[in-house]
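Encoded as structure tokens, the structure appears first; notes follow it.
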Amino acid sequence: PVLVSMDGLRKEYGDTAALDGVSLQIRRGEAVAVMGPSGSGKSTMLNMIAGLDRPTAGAVTVDGKDLNGLNETGRALFRRRTISMIFQFFNLLDDLTVLDNVALAAQLTGVRAQQARQRALELLDELGIADRRDLYPAALSGGERQRAAVARALVNRPALLLADEPTGALDSHAGEQVMDLLIDLNQIGQTLLIVTHDPNLAQRCASRIVEFADGRIVGERTLERTP
Ligand code: ADP
Ligand code: ADP
């Protein structure tokens with residue numbers, strides 16, 4: 001069962017080809033890491049999958065839907081229901097508590113306040129930061145902030161979790177905890193696509209590593225993961 005399918009994906013910015021014919025499929029339940037030098041097109045690919053930007057040519061389907069066939073509003077709705085992202089710098093809202101950051105993400109998809117709060121609490125509990133729920137992001141450690149960001153990303157039960165350098169701003173201990181969390185999530189079936197420069201993260205968390213250079217896939221290998 002294929003969750004994401006990219007076929008001949010091309011994206012030009014002016015006369016730069018950020019993506020130059022990328023074809024890649026991600027199956028449900030896979031954890032794929034994308035590596036490659038800066039400027040090689042990794043973020044552009046994430047943006048295409050998240051429907052945040054349109055390809056110049058080629059197609060992306062996610063969960064059977066052709067993102068090109070949707071207008072801006074359609075893509076935003078589809079994205080909210082299907083895809084979540086976590087980032088290097090967490091992107092939590094500073095003026096909201098941890099609990100409200102997570103609950104708001106659910107409310108934005110139409111979940112009622114009470115139920116959103118309930119779901120948020122359950123996730124914070126599962127991720128081991130329930131005791132931080134009433135704090136603002138600034139009061140949390142880096143690792144706790146990333147766990148809060150993961151809770152927010154999971155609250156709508158996305159088919160696909162996109163992670164863009166999720167450990168890039170963390171010290172090694174906090175980074176390890178986030179990696180363990182990603183591994184656990186994948187083991188319970190969460191499909192992951194991780195963009196990273198960190199070979200350790202890719203080796204530990206991914207079942208397949210895809211190598212980018214100059215907007216193309218230049219290598220791919222499947223890993224035997226040792227839990
Ligand atoms: P990576 O994520 O691997 O660092 P990017 O996808 O960010 O690579 O960038 C790929 C290429 O596309 C780079 O040459 C970059 O400068 C260019 N690029 C990316 N986004 C834009 C944009 N919005 N406008 C113009 N050029 C862009
Ligand atoms: P929306 O229209 O869904 O509010 P935008 O297209 O305005 O989202 O994107 C705002 C920023 O939020 C984007 O630059 C992106 O980094 C982030 N973003 C977009 N979609 C998601 C998502 N599904 N999960 C997490 N972050 C997202």
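FYI, the numbering just counts along the sequence from 1. As the structure is a computational prediction, the values presented were derived from the model and not from experiment. For ligands, and for the atoms within them, numbers begin at 1 and follow the listed sequence.
Side-chain contact of T56 with E12: a donor-acceptor pair under 3.5 Å is absent, judged by distance alone.
For residues 25-37, every residue pair satisfying the side-chain hydrogen bond (donor to acceptor under 3.5 Å, both in side chains) rule, not counting sequence neighbours, is listed here: S5-Q25, R27-E30, R28-D63, E30-R208.
The protein atom (non-hydrogen) at minimum distance from atom 6 (O) of ligand 1 is T44 OG1, 2.6 Å. Of all protein heavy atoms, the one lying nearest to atom 8 (O) of ligand 1 is G41 N, 3.0 Å. For atom 13 (C) of ligand 1, the closest heavy atom belonging to the protein is G39 O, 3.7 Å. Annotation: atom 19 (C) of ligand 1 to nearest protein heavy atom, Y13 CE1, 3.5 Å. For atom 3 (O) of ligand 1, the closest non-hydrogen atom on the protein side is K42 NZ, 2.8 Å.
Of the residues listed (D95, L99, N101, L93), the one engaging T97 in a side chain to side chain contact (heavy atoms under 4.5 Å, CB included) is L99, and it is the only one. Test D198, D180, D184 against R204 for salt bridge (charged side-chain N to carboxylate O under 4.0 Å, His left out) and you get one pass: D180. Only one option out of E220, R221, K42 pairs with V210 in a side chain to side chain contact (heavy atoms under 4.5 Å, CB included); it is E220.
Inclusion of T16 in the set of residues having an N or O under 3.5 Å from an N or O of ligand 1 is not warranted. Every N/O-N/O distance between A18 and ligand 1 stays at or above 3.5 Å.
For G14, the heavy-atom gap to ligand 1 stays at 4.0 angstrom or more. No heavy atom of G36 sits closer than 4.0 Å to any atom of ligand 1.
Atoms of ligand 1 found under 4.0 Å from any heavy atom of P37, numbered from 1 in the order shown, are 3 (O). Within ligand 1, the atoms closer than 4.0 Å to a non-hydrogen atom of S40 are 1 (P), 3 (O), 8 (O), numbered from 1 in the order shown.
Considering every non-hydrogen atom in both L9 and P55, the closest pair reads CD1-CB, 3.6 Å.
Within a 6.0 Å radius of CZ in R117, no more than 12 heavy atoms belonging to other residues, nucleotides or ligands are found. The local environment of CZ in R10 is crowded, with over 12 non-hydrogen atoms from other residues, nucleotides or ligands closer than 6.0 Å.
Distances from atom 15 (C) of ligand 1 to the protein include no heavy-atom value under 4.0 Å.
To the nearest 0.5 Å, the span separating CG on L70 from CZ on R54 amounts to 8.5 Å.
Here the shortest heavy-atom distance to atom 7 (O) of ligand 1, taken over A17, S38, S43, A213, belongs to S43.
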